[in-house]
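Take a look at the structure below.
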There are 2 protein chains.
Amino acid sequence: VTLRELGEFGLIDRIARAAGRRKGARSRDVVLGIGDDAALLRVRPREHCVVSNDARFEGVHFRLRSESPRTVGRRALAASLSDLAAMGARPLGCLLALAAPARTPVRTLDRLVAGVLDESVRHGCPLVGGNLSRARQLSLTVTVMGAVARGSALRRDTARPGDRIFVTGTLGGAALERLRAERGRGRVRSVPVPRLRAGRALAALGRRAACIDVSDGLDADLAHLLRRRGLGAEIDSARLPLPAGFEAACARARVDPRALSRGGGEDYELLFTLAPGASASRLSRLLGVRVTEIGRVVGRRTAAGRLRARRGWRHF
Amino acid sequence: VTLRELGEFGLIDRIARAAGRRKGARSRDVVLGIGDDAALLRVRPREHCVVSNDARFEGVHFRLRSESPRTVGRRALAASLSDLAAMGARPLGCLLALAAPARTPVRTLDRLVAGVLDESVRHGCPLVGGNLSRARQLSLTVTVMGAVARGSALRRDTARPGDRIFVTGTLGGAALERLRAERGRGRVRSVPVPRLRAGRALAALGRRAACIDVSDGLDADLAHLLRRRGLGAEIDSARLPLPAGFEAACARARVDPRALSRGGGEDYELLFTLAPGASASRLSRLLGVRVTEIGRVVGRRTAAGRLRARRGWRHF
């Protein structure tokens, strides 16, 4: 059965039923979910509403040849939830705008949606609505809504020279997996874990942390984190946290592990800065995930900053 | 200059600057706008957050041959705002997910964004973020966030048999314009007015109004409004509010004006039900827009309901 045969409203009903069957996909924060002109969400009196979205197109951001539809769906919501994590927010709900050619098998769309619902249940972010369109290319645009206590959101624009730079988890694993899949060696199977708990714990510290999630790659996202304030960074490449067995796997794939871990992207770890004094081991305990100190923030006018500026931050 | 030459982050900066130049595009409700992992919006203590989205693809929902990019952008946000109107909500902000082939002229994208910003300023709904992707087909997915006093949102599921059915403005004009454009006679120039003020006034009545906006066409949207409760409707076709000169224009185009006004869609008027007793003239005054009574809600088990069921509601 294809999308053309089922029809768009048929598929919407099907998605609403699939979402309704997932018990954990409900929440007290959802006042009105799928099926009206819009969804209604509860935001607490001392909270702000947080919103972000992310679009993924077949052939650009994913390939069904090397990735199952379920993984594509899971990765789409996980990546968007990572934006909430990077703000220190808790999830309230999500919208899915799905677009597909009329000839797309309904089974493929079912699996994409099942992937979105998997992550929705796992992270307490119910699917509350969305949109369905015919299009020439398969795509998913996921919008996430969340809430964060007023004044405690983790922003990008609060770093200062001298701050230490930290990252959660490890870097480079997603890039290596994608590289191998592009070369026909294995499929993309991993799904990033949005660091929601770590982001909320970091926001709760109340310590002027600047934060971003690593989606484009360490160097590129570091530039996003610092450029608004005209700052630079010194990164100690030897301290970058790599996945177990990463260097051997990179050697087999004939790729430089340091370059891959700095440039690769899609790790969805949190990259953040804090004033000196916080140790990585204490932060690991507080955030509930491995935290590594990888460098420090410098002013562009310092010698180190000029050096970095000369070497260039041309990652965008 | 094309999107490929400018680059994705170059275009994001360009959009952020264009949005910043529009003074009216700012708002006290926006705590943090474009440029971070997510946007932060203020929702008042006794309000719920309202979210909806809408996707439009070139060749499916619009054609740049018969519609300027600016009009496409304006229509995209206006249509999404209409969903907020149909909930009785006030706008807080919007996200734009824009996708385009790398060869797209930046000028075209500038004009699309300018159209979104036109409506953003007009209706007090600042652009607070979004997403930019390469894709094979030009598309816009607009997400709107709004707020509505708790318990006063206009939902679809509150109609009862005997309720009267009303519609704002006129029906059929958008369909006639599109039909003419498809036949090469003129371009699509009109932009629907989201009935935000009318929706809020209707919600403030506190009178169990069920409400939807007319996007798919009167008959289809009426079915959406009533099917959850298993209800039907009797519509008096002679009372449908038509635009001035509509019947003559339909005669010239050799199309049935009643069929076009019932089936056409994209008028983005509010279609709502109220218990008997409210007159159209009083509602027109209260809602600040022409309101016409066009029929009544019937149970499917009544003779009229069975008749309607036999004649079919196969509009989805």
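Convention: sequence-line order gives letters A, B, ...; per-chain numbering from 1.
Note that the CZ atom of A:Arg56 and the OG atom of B:Ser133 stand 9.5 Å from one another [nearest 0.5 Å]. Distance check, rounded to the nearest 0.5 Å: CG of B:Asn131 to OG of A:Ser52 gives 8.0 Å. Atom CZ of residue B:Arg134 and atom NE2 of residue A:His61 lie 7.5 Å apart, to the nearest 0.5 angstrom. The distance from atom CZ of B:Arg150 to atom CZ of A:Arg42, rounded to the nearest 0.5 Å, is 6.0 Å. To the nearest 0.5 Å, atoms CD (B:Glu47) and CG (A:Leu41) are separated by 13.0 Å.
Between chain B and the residues A:Gly130, A:Ser82, A:Ala85, the most heavy-atom pairs under 4.5 angstrom are made by A:Gly130. Residue with the most contacts toward chain B among A:Leu95, A:Asp54, A:Val60, A:Leu84: A:Leu95 (heavy-atom pairs, distance under 4.5 Å). Among B:Ile212, B:Asp213, B:Thr141, the residue making the largest number of heavy-atom pairs under 4.5 Å with chain A is B:Ile212. The greatest number of non-hydrogen atom pairs below 4.5 Å with chain B, out of A:Asp157, A:Val50, A:Asp83, A:Asn53, is found for A:Asn53. Taking A:Arg156, A:His48, A:Glu58, A:Met145 one by one and counting their heavy-atom pairs under 4.5 Å with chain B, the maximum is reached by A:Arg156.
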### Task
Tell me, with the steps shown, if A:Val51 and B:Thr143 meet side chain to side chain contact (heavy atoms under 4.5 Å, CB included).
CA-CA 10 Å; A:Val51 287; B:Thr143 304; over 6 Å; no
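Neither the backbone nor the side chain of B:Ile12 comes within less than 4.5 Å of any heavy atom in chain A. For A:Leu225, no part sits under 4.5 Å from any heavy atom of chain B, backbone or side chain. Interface remark: B:Asp13 contributes side-chain atoms only to the contact with chain A (heavy atom separation under 4.5 Å). Proximity to chain B is absent for every atom of A:Ser215, based on heavy atoms less than 4.5 angstrom apart. Contact annotation for A:Ile34: only backbone heavy atoms (N, CA, C, O) come within less than 4.5 Å of a heavy atom of chain B. With a 4.5 angstrom heavy-atom cutoff, A:Val148 touches chain B only via side-chain atoms. Residue B:Ser139 touches chain A through its side chain alone, counting heavy-atom pairs closer than 4.5 Å.
Between A:Asp37 and B:Arg195 there is no salt bridge, since no side-chain nitrogen of the basic residue lies less than 4.0 Å from a carboxylate oxygen of the acidic one.
Remark: A:Arg208 CZ is packed, more than 12 non-hydrogen atoms of other residues, nucleotides or ligands lying under 6.0 Å away.
Listed by chain and residue number, nothing satisfies the ring pair (Phe, Tyr, Trp, His ring centres under 6.0 Å) test with A:Tyr268 (two or more places apart in sequence, or in another chain).
A heavy-atom distance below 4.5 Å is found between the side chains of A:Gln137 and B:Arg136.
Residue-level contacts of residues 86-93 of chain B with chain A, in order of numbering, are B:Ala86, B:Met87; threshold 4.5 Å between heavy atoms.
Judged by distance alone, the side chain of B:Asp36 and the main-chain N or O of A:Arg155 form no donor-acceptor pair under 3.5 Å.
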